[in-house]
Amino acid sequence: MSPNDVFDLLILVLLITCALAIARMKDLAAAVILFSVYSFALCLLWVHRGAPDVAMTEAAVGAGITAVLFFYTLARTGRREK
Amino acid sequence: MRNALALVVVIVLAGLMMAGVSQLPPPGSPDGAVHRHVAAHYIDGGKEAAGAPNLVTAVLLNYRALDTYGEVVVIFAALLAVLAVGLAGHSRGPQRGADELPVSPVVDLVIRLLAPFIALFALFMILEGHVLPGGGFQGGVVLGALMILLGLVLGPRRLRRMLPTPALFWTRSVALLAFALVAVAGLALAGWLFALPEQYWLRELIIVGLELAIGIGAAFALVGFYLSLEADRHR
Amino acid sequence: MSEFLLSVAAALLIASGCLFFLAGTVGLLRLPDFFCRLHATTKCDAVGGVLILLGVALVAGADGQTVRIVALIALIAISSPTAGHALARAGWHAGHRPWTRESGEKEKSHEPE
């Protein structure tokens with residue numbers, strides 16, 4: 001296994017951990033922040049796999065704007081999962 | 001019982017997927033089906049045929065332009081849905097809530113300092129997208145993020161005052177209109193949708209124009225989401 | 001020889017940057033209130049990130065990359081403290097008050113959990 005593959009593997013483990021944590025999280029604000037972390041890890045993976053176009057979109061949309069929009073939605077609906 | 005059933009379903013699905021994935025050619029292998037089909041043709045002639053040295057852009061805006069058109073329509077439809085939901089209740093528009101703070105002088109100064117650089121970077125991404133990684137949508141999202149940032153820091157009312165309603169109307173629909181225009185012009189002049197003219201500089205100009213239209217459309221769609229959510233918060 | 005010294009310096013910079021990130025993360029998890037945690041985590045970006053980027057710039061040498069790294073350092077040096085300031089201000093206006101030993105004791109006696 002080359003160092004490149006190790007890097008990919010670490011990021012994939014991080015992605016799966018984040019996804020499970022988002023699904024289990026009762027505090028939705030924390031889930032939104034974890035979703036940003038997920039997007040940013042995915043962005044790193046895209047860059048590492050040679051897809052900078054997708055990585056830019058992922059960083060700007062996934063890690064940036066969706067978090068803001070989700071927070072506005074949470075302000076209307078409430079922060080806790082029922 | 002239900003949990004056990006879900007576990008079985010997940011295991012079966014995961015097994016099927018892994019069986020499928022194990023049959024895939026290794027990534028980057030030249031014998032893969034994707035590399036023997038049309039990819040070689042795109043790599044050989046993509047720059048001349050599509051007017052874009054960056055092959056990702058060539059595929060997005062020319063070979064698969066109809067797909068990209070569909071994506072533009074999806075974003076526009078999402079914006080329409082959000083605006084329709086916003087219109088359903090009577091909105092009083094963004095106004096000063098009791099919880100709103102005056103702008104911090106530090107944040108105000110820094111945002112004034114950084115905003116031109118962010119705007120320049122967004123424009124660079126849009127205009128250079130046909131040569132370098134990046135492109136209309138990415139640059140447009142950065143531009144939209146900048147405007148949302150300005151709205152968050154300076155208050156949505158000041159952002160809304162900077163964007164007159166007729167301008168919002170045209171900027172939101174410009175991507176859709178530009179794509180329709182290029183598609184129909186290609187059909188009329190050369191006989192198929194998204195056909196590009198003979199001259200290379202004209203091809204490049206059309207690609208850059210499309211990128212600019214996508215960028216502006218994406219930016220103002222995102223600002224539309226933000227403004228309608230913000231107006232909704234005060235209802 | 002000088003190349004060796006350069007890579008040692010870069011490694012030291014990157015390692016100390018990582019140390020700041022570690023300390024900031026531990027602080028985020030262990031410190032008692034909003035302001036202390038903010039104080040810890042702002043060091044991650046502003047100091048740790050800048051140190052790591054300096055180390056990377058040393059490895060890159062006199063190159064076009066280094067100009068971009070310096071621009072990144074300038075961006076972080078401006079934006080990260082501003083974000084910390086904005087967070088602290090928003091936290092104060094949202095009703096958070098700095099933790100003191102007395103308020104901590106009071107909380108403990110009020111909540112016997």
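Both backbone and side-chain heavy atoms feed into the values below; hydrogens, waters and symmetry mates do not. Just so we're on the same page: letters track the sequence lines, and every chain starts at 1. What you are looking at is a predicted structure, and each value in this text was computed from that prediction instead of being measured.
Pairing each heavy atom of B:Leu83 with each of B:Arg172, the nearest pair is CD1-NH1, 3.7 Å. Between B:Ile148 and B:Leu222 the shortest heavy-atom distance is CD1-O, 4.0 Å.
Heavy atoms of A:Ala60 lying under 4.5 Å from chain B belong to its backbone as well as its side chain. In this structure, chain A has heavy atoms under 4.5 Å from both the backbone and the side chain of B:Tyr226. Heavy atoms of A:Leu69 lying under 4.5 Å from chain B belong to its backbone as well as its side chain. Only the side chain of B:Leu152 has a heavy atom closer than 4.5 Å to any heavy atom of chain A.
For residues 215-228 of chain B, no residue pair satisfies the salt bridge (charged side-chain N to carboxylate O under 4.0 Å, His left out) rule, not counting sequence neighbours.
A:Thr66 places a side-chain N or O within 3.5 Å of a backbone atom of A:Val61 that can act as its donor or acceptor partner.
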